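A quick write-up on the structure given underneath.
In this text the structure is predicted, and so the values were computed from the model without any measurement.
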Amino acid sequence: EVRLVESGGGLVQAGRSLRLSCAASGFSSDEYGIGWFRQAPGKEREGVACISGGDGSRYYKESVKGRFTISSANARKTVYLQVDSLKAEDTAVYYCAASVYGCYDVSSLGAPLYDYWGRGTQVTVSS
């Protein structure tokens, strides 16, 4: 059974940093791309970063480049999202997801490409 569990969310002051974790199990990590998504109240879910299961290539939504960093450990069984210089507009539920399609470029950040999802972790940024 594929399972993705996010953790690390919380209430954080603007300007601070946060590291989210995604624990993945039940599939071969080199066959899937792992992505991080977020959904703010009243908005559509958007992909912010993904990491390839093959060579570990990383891709980011243009608007978060320089502040968000996706990385992995344990043969990509744990995927992190480091978020620096947090802004109020980063407030959202953050999800990790796995894609059989993989992560090949920025176009891989489309939510419909992802097959398995975690339940999300809430990040609230106070100004």
Side-chain angles (χ1 to χ4, degrees):
E1 178 189 1
V2 175
R3 193 160 181 248
L4 300 161
V5 181
E6 304 94 337
S7 61
L11 176 62
V12 187
Q13 284 187 323
R16 304 292 292 267
S17 298
L18 199 64
R19 189 175 79 162
L20 306 178
S21 299
C22 172
S25 61
F27 60 94
S28 176
S29 57
D30 59 354
E31 295 177 345
Y32 285 73
I34 302 292
W36 277 99
F37 293 77
R38 66 183 180 183
Q39 188 165 20
K43 295 189 177 181
E44 290 188 358
R45 190 170 299 189
E46 63 172 357
V48 295
C50 68
I51 185 166
S52 167
D55 62 4
S57 297
R58 310 168 195 186
Y59 301 95
Y60 298 91
K61 179 180 173 68
E62 188 65 31
S63 62
V64 305
K65 278 184 180 178
R67 290 197 306 120
F68 287 30
T69 304
I70 189 170
S71 62
S72 65
N74 302 322
R76 282 189 270 286
K77 292 298 187 184
T78 304
V79 178
Y80 301 104
L81 184 69
Q82 176 76 26
V83 184
D84 298 322
S85 302
L86 279 156
K87 305 176 181 180
E89 51 262 44
D90 293 322
T91 294
V93 178
Y94 284 73
Y95 301 88
C96 67
S99 170
V100 176
Y101 172 82
C103 169
Y104 297 103
D105 54 30
V106 176
S107 68
S108 301
L109 293 175
L113 295 173
Y114 287 75
D115 307 283
Y116 303 98
W117 293 82
R119 292 188 175 185
T121 185
Q122 176 72 47
V123 173
T124 303
V125 183
S126 63
S127 55

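Not counting sequence neighbours, Y95 has no partner by the ring pair (Phe, Tyr, Trp, His ring centres under 6.0 Å) test. Listed by chain and residue number, D90 satisfy the salt bridge (Lys or Arg N to Asp or Glu O under 4.0 Å) test with R67 (two or more places apart in sequence, or in another chain). Applying the side chain to side chain contact (heavy atoms under 4.5 Å, CB included) criterion to A98, with sequence neighbours excluded, gives L4, F27, Y32, I34, Y116. The salt bridge (Lys or Arg N to Asp or Glu O under 4.0 Å) search around E62 returns K65, not counting sequence neighbours. E89 pairs by the salt bridge (Lys or Arg N to Asp or Glu O under 4.0 Å) definition with nothing, not counting sequence neighbours. Checked against side chain to side chain contact (heavy atoms under 4.5 Å, CB included), V5 has the following partners two or more places apart in sequence or in another chain: R3. Judged as a side-chain hydrogen bond (donor to acceptor under 3.5 Å, both in side chains), and not counting sequence neighbours, the contacts of Y94 are R38.
Under a hydrophobic clustering in which Ile, Leu, Val, Met, Phe, Trp and Tyr are joined whenever their side-chain heavy atoms come within less than 4.5 Å, directly or via other members, V12 and L81 fall into the same cluster. Linking Ile, Leu, Val, Met, Phe, Trp and Tyr residues whenever their side-chain heavy atoms come within less than 4.5 Å leaves I70 and Y101 in two separate clusters. Residue L86 is grouped with residue V64 when hydrophobic side chains (ILVMFWY) are merged at heavy-atom distances under 4.5 angstrom, including chains of intermediate members.
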For residues 120-127, tabulate all N or O donor-acceptor pairs below 3.5 Å that involve a side-chain atom, not counting sequence neighbours.
unit_1: T121; atom_1: OG1; unit_2: G9; atom_2: N; d: 3.1
unit_1: Q122; atom_1: NE2; unit_2: A92; atom_2: O; d: 3.4
unit_1: Q122; atom_1: NE2; unit_2: T124; atom_2: OG1; d: 3.3

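A salt bridge (charged side-chain N to carboxylate O under 4.0 Å, His left out) check over residues 115-127, counting only residues at least two apart or in different chains, returns nothing. Within the structure, every pair that satisfies the side chain to side chain donor-acceptor pair (under 3.5 Å) test and touches residues 103-112, not counting sequence neighbours, is listed here: D105-S107. Screening residues 55-127 for disulfide bond (SG atoms under 2.5 Å apart), with sequence neighbours left out, gives C22-C96, C50-C103. Sequence neighbours left out, the pairs with a member in residues 7-25 that pass side chain to side chain donor-acceptor pair (under 3.5 Å) are S17-D84.
The structure places OG of S72 at 11.5 Å from NZ of K77, a figure rounded to the nearest 0.5 Å. Taking CZ from F68 and CG from L18, the interatomic distance works out to 9.5 Å, rounded to the nearest 0.5 Å. Within the model, atoms OH of Y114 and CZ of R45 stand 12.5 Å from one another, a figure rounded to the nearest 0.5 Å.
Looking at R76, its side chain does come within 3.5 Å of a backbone N or O of G54 through a donor-acceptor pair.
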**OP:** For the pair W117 and F37, evaluate side chain to side chain contact (heavy atoms under 4.5 Å, CB included) and give the outcome as yes or no after the intermediate values.
**Re:** CA-CA 10 Å; W117 293 82; F37 293 77; 3.6 Å; yes

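Closest non-hydrogen pair, A49 versus Y60, comes out as CB-CD2, 3.6 Å. In terms of heavy-atom proximity, S99 sits nearest to L113 at OG-O, 2.8 Å.
Residues L109 and K61 form a side-chain contact, since some pair of their non-hydrogen atoms from C-beta on lies under 4.5 Å apart.
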